Amino acid sequence: MSKYQVDANGFYGEFGGAFIPEMLYPNIEELRQEYRQILSSESFQQEYQQLLRDYVGRPTPLYFASRLSEHYGARIYLKREDLCHTGAHKVNNTVGQILLARHLGKSRIIAETGAGQHGVATATVCALMGMPCIVYMGEVDIARQAPNVARMKMLGAEVRPARSGSRTLKDATNEAIRDWINNPEDTHYIIGSVVGPHPYPDLVARLQAIISEEIKEQLLAAEGTEDPDVLVACVGGGSNAAGTYYHYLDREHVEIIAAEAAGLGVDTGESAATSALGKMGIIHASKTLLMQTDDGQITEPYSISAGLDYPGVGPLHAHLFKSGRAKFVPVTDAEAMEAGQELARLEGIIPAIETAHGFAVLKKGHIAKDSLAVINLSGRGDKDLQTYMDYFKLSE
Amino acid sequence: MTMTDRLEKTLSKPGKLLSIYFTAGYPAVEDTVPIIKKLEEAGADMVEIGLPFSDPLADGPVIQESSTHALRNGMTTRKLFDQIRDIRQQVSLPLVIMGYFNPILQFGVEAFCAACAESGIDGLILPDLPLDVYERDYKEIMEAHGLSVIFLITPQTSDERIRQIDSASTSFIYMVSSASTTGVQSEFGKGRDAYFKRIADLDLKHPQLVGFGISDAASFQRATTYAKGAIIGSGFIRMLTEKGTGGIEAYIKGIL
């Protein structure tokens, strides 16, 4: 078995597990016992593949970025997850999980969201399946992500503000878990990233693995090899990264780079660089690296990008970091914003600010000359226009 | 008296038991010890000291707010142990610490258990430490320090798992009254009675204390019809918020 796959107890090396209160035990146990079987069943696969093709718009292109390549002296391909329906990779997971929820006989869907992308992707599939959808979102995030709140409401979802703690993504996740405790029988919780108790990190990674499955085929067709020299993705919780790396984890000759949000800088106290600042602990029922005080209280991270503004990281990524399989590169707000603008001007693509963190590794010199690189373009920047406008003073 | 003796002696008393949960460091940081003393004087049978945590997943708004408040007051695990160092010279009722696992992990599980033993803590309720992880990784350490670990069961817990929990238990079982986070006020209706009766009929080795949704004499009576005792948390904290520690005696007497 691969040393990067989850083990029988739900751990990636020393990270992972299911540190759940007993109230969640029946739900998590049901999921744990059934998810692999359901995911590999013919009826699930048929529906899932068909929706990915006709509804999400897969396969997404693997695009050779010629001007960017020329600029950095490498061969750079972009995996265009920004072209997925709803504008990011998040929908790969929600399509799969809503089908799973139906197989489990659940009739009510809950989700958490930070920037709103996962909330929109969940509201979208709930509309598609005619299922009630409740999305928990931090009060602070509701105020700064108004367009996505409106999208969720347009799609018929109920957006419930998380008013506890710091009122951001971590607290929205707490509220979703509390909702599940209070509604243990009819509800499925669609987690948006490779976080939370086992089997969620593995479930979400499998549903995002389509990204690297397609990269292999497309790169073979374009370059005559499945393997790039280097793969790049941004990491908050880490779902797009998990999907990008998935089929390459055991191919150790393929270098893996994870761009994490350094905010104003790793040492400024205003950062979300979990690999640099985190210590082993438990967040959202998973043992992983997380930002916390010496007393074990979880602290609030900072990043300009709401989607990377998470004090933990998926246990798979903690393991990739600790084992040295992946190289973690901290990227500041300023570096990410500049990379976003550069991609817009060189390739005519405005990326999500989360995604722009991945592109910043180019300028930081992490992609060797003449190497073959694939960068996951995980989402488009429409939702971030206001932030770009404010940052670059575009309305002046 | 050893710790297990203290719990055992209380659990074998005739009559119904009242256990009170409060968050350490709330309302004021130095209230921890005075609250414990007043609870014993007023007639509570057991006290659960809540270790405040930034992200209490299984708790409703009342306990969440008391935790946030306690942390803002400067409460820490170390401070709690400083406060209760001499508690055994002051009270004799069983004391249980209820806390989420991350602060304990950061303190060091071994050091935490040793500090508990030194202060005369009798047991631990760790809502996010699941039974299998406990048995695999921590049972030995916790037992070596004489700590009784108490597990939760809910209306959704299967009979088979309840029996498993019963055999892993050493003092009592924490019976969550309904599928909910703490502090949800709900009716103790017929469905609840059926659940209580189902558990009573299992004839478990260890007594059960019912928690979640109990706040007054009526719900205490109802909850203890089939169980050995009941636990009040959010209701007690609400009272503390309104009346302060001066309201403890009247509150406890109003229930018993």
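It should be emphasised that the depicted structure is a prediction, and the values quoted were computed from it without experimental measurement. For the numbers below, each heavy atom of this structure counts, side chains included, while hydrogens, waters and symmetry mates do not.
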Side-chain contact test, heavy atoms from C-beta onward, threshold under 4.5 Å: evaluate it for [X] versus [Y] and give yes or no.
X      : Y      : result
A:N27  : B:Q156 : no
A:K279 : B:Q106 : yes
B:P130 : A:F19  : yes

To the nearest 0.5 Å, how far apart are CD1 in A:I298 and CZ in B:F53?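 It is 4.0 Å, given to the nearest 0.5 Å.
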When rounded to the nearest 0.5 angstrom, what distance separates CG in A:N174 from CG in B:D59?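 The CG atom of B:D59 is 10.5 Å from CG of A:N174, to the nearest 0.5 Å.
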Could you tell me which of B:L126, B:T154, B:V133, B:V176 has the largest number of non-hydrogen atom pairs under 4.5 Å with chain A?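 That would be B:T154.
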Which atoms of [X] come close to chain A, meaning under 4.5 Å heavy atom to heavy atom: side chain ones, backbone ones, both, or neither?
X      : result
B:T68  : neither
B:L105 : side chain
B:I104 : neither
B:Q64  : side chain

Ion pair present between A:E22 and B:R161, side-chain N to carboxylate O less than 4.0 angstrom?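 Salt bridge flag = yes for B:R161 with A:E22.
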Please answer whether the main-chain N or O of B:P52 pairs with a side-chain N or O of A:Q297 as donor and acceptor at a distance below 3.5 Å.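 Yes: the side chain of A:Q297 pairs with the backbone of B:P52.
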Side-chain donor-acceptor pair under 3.5 Å between A:D295 and B:T77, yes or no?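 Present: a donor and an acceptor within the cut-off.
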